[in-house]
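What follows is a single structure, written as structure tokens, with notes after it.
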Amino acid sequence: MPSDPANPSVITRFAPSPTGFLHVGGARTALFCWAYARRHGGTFILRVEDTDQARSSESATTGILEDLAWMGIDWDEGPELALEGGASSPTANAGILTGGQDAPPSKRSIGGDPRSIGPFFQAQRIELYNEHIQRLIDQDKAYPAFDTLEELTAKRDAARARKETFRYIRDPGFDRDAALARAKSEAHVIRFRMPDEAIHVRDEVLGDVNFAAEHVDDFVIRKVDGFPTYHLAVVVDDELMGVTHVLRGQEHLNNTPRHVALQKAMGFRTPVYAHLPLIFNPDGSKMSKRDKDKAARAHFMAEIDRDRDRVYRQAAPAIDKGKFEAWLGDKKSQLETQDLGELQRLFAMSLPEIDTADFRGAGYLPQVLVNFLALLGWNPGVKNDDGTDLERFDAAYIAQHFDLGRLGKSASKFDRAKLLAFNADTIQAMDDAAFASCWASWAKDHDAAMLGALPGEKLAWGCAAARQRCKTLRDVRTVLDFVLVDDGAIEYDEKAVKKNLTKQVEGEPTGLELLAGVKDVLAGLDPFDPEAIDAAIEGFAEKKQVKIGRVAQPIRVALTGAAVSPPLGLSLALVGKDGLVRRIERCVRAVQGIVAGGS
RNA sequence: GGCCCCAUCGUCUAGUCUGGUCCAGGACACCAGGUUUUCAUCCUGGUAACGCGGGUUCGAAUCCCGCUGGGGUCACCA
């Protein structure tokens, strides 16, 4: 890893708050923080901002750490995460496919605390924050305040009614000693005494940004529950952990003057700031959990129109009926993430992907997501030999070339079609064996049914048959769906039957006749493998002096009900000889019935 | 509404700092052909953008101003 002499000790951090899954926006921030540290041979810290006691959870923390690791983002300092061993784990795959730049095989976990700067959970650092808060109070740079939430809300509403901006105004008759005495026995927050001066922020992406003094008020630095607010905690931790570069979303730009003022007041350094452009939905709205909720509701509304009872029956294992009804009935309500996840699995719905875990579940490859995310707001500015822009690269490339100078300023819309195309291209570039192992490890968690239907050599056949037809790992399910269908449950497409089985061509046998004929050839085949099957079908067509399509298409109809399937040899081998014979016989009977009934 | 940020094809963007090589390049999507026993893959070609108005200049996508539009933020959330 190249180290930059001008920046001998770059330290970056990603500091998620564990209130849910890792949002793609957060994932990109983490990626850039990681890449910047790697590029400069520096240190990347992961810190968990769990000062909101009510909303934080341990499971969310674990989920975020795992999603980062899945993308191949490893942190030098922070909570430890044990890596799954073995080449089949998603994490190991990420490493292999991104050029093996991740943890060496000997490294079984990421994180740690070599500099003794932890703990990395803010909830465990309360005393540290209190020391600094006390110092600010002692220096008269902060003070206790006793306003109730109701009072503040009332003032805010009043300001809004007057069409003015609410600013917290210190009581003109404020008496410091009295306030300190009162604070000993009364619930209170601590507010920072914002200096009466304009704040200048230098941002590596946006340039110079100035905030006039009157627009920043005395903000709370310690809540009534004793926990610090984000502003205080982030400033103290960044200083104590030696953070030199802060890369974060542009929604934080307006917080920066507060942080700079706090740093000045406490005698801290101001890190280099780089505010990253935001990421939106294609329609310009925010990418939020809500999108999933809305899509799911729309899906169910449509389904219920068709068959209400079936939907309720099918949903039953995932969600309480009352809860389900209440949610469907109230467009403003939102389902809990867990319930929504269960329903999604049960109904095999595809909902808009918002969180990293969504993309993982939908069958996107980690290196593709990383590539695509990097392109949202950054690009290497390099041409390929053929004159096209370089836009396909892996995490290792980003780690070697990422720089702040090439960050964009304007927000971008998340184009799933392009991500899908990238994913498809990457799958097309894999060989069948690599695809098979990649899919199998994914399917273990996300499509156990299909994995179970492909024992032994069928896994390789199935993946070879599906790969070229897949844009995501999940697509294997759609492509090979005919394998899972019961032999006796195939529904025949009318047009396909007419075109390929019953249509009469002067001087040639019908598809139905050819199908019946080829059945005997296939039934006697041993071994029943793709090569043998293809050879047998070819031989049969030759003997009957028809083009191969005249034989192939009827078989497809018998196999899948439609005139579409992966290559025949592979497809037939997947269903197996017995299944195939059953399907052909059933198809012949069904079509003969149609012919007899119709004439 | 106050404050702050942003503005090139439908979308992601190159080009903007260092004005001419740009009647603006690439990618995805879309459209039209071609290859293929089906589907898909694949190949070829095409449509398509400098938000508007003023400056500055011999010359502006590039510099300046205004307008318009979009976004962020205004919590004892982070």
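Judged by distance alone with a 3.5 Å cut-off, a donor-acceptor contact links the side chain of A:D389 to the base of B:rG25. A donor N or O paired with an acceptor N or O is found under 3.5 Å between the base of B:rA27 and the side-chain atoms of A:K418. Side-chain to base pairing of A:N255 with B:rA78: one donor and one acceptor N or O lie within less than 3.5 Å of each other.
Counting only N and O atoms by type, the side chains of A:D355 and A:H23 include no donor and acceptor under 3.5 Å apart.
Using a 4.0 Å heavy-atom distance criterion, A:F280 is classed as a sugar-phosphate-only contact. No engagement by A:L420 is indicated, since no non-hydrogen atom pair under 4.0 Å with the nucleic acid exists.
Side-chain N/O atoms of A:R191 include one lying less than 4.0 angstrom from OP1 or OP2 on B:rC76. In this structure, A:R258 does not reach the B:rA75 phosphate: none of its side-chain N or O atoms is under 4.0 Å from OP1 or OP2. The phosphate of B:rU13 has OP1 or OP2 within less than 4.0 Å of a side-chain N or O from A:S412.
The pair A:D208-A:R202 meets the salt-bridge criterion, since a charged nitrogen lies less than 4.0 angstrom from a carboxylate oxygen.
Searching all strands for a Watson-Crick or G-U wobble partner of B:rC3 with both distances below 3.5 Å returns B:rG72.
With hydrogens and angles disregarded, a donor-acceptor distance shorter than 3.5 Å links the side chain of A:R167 to the backbone of A:E214.
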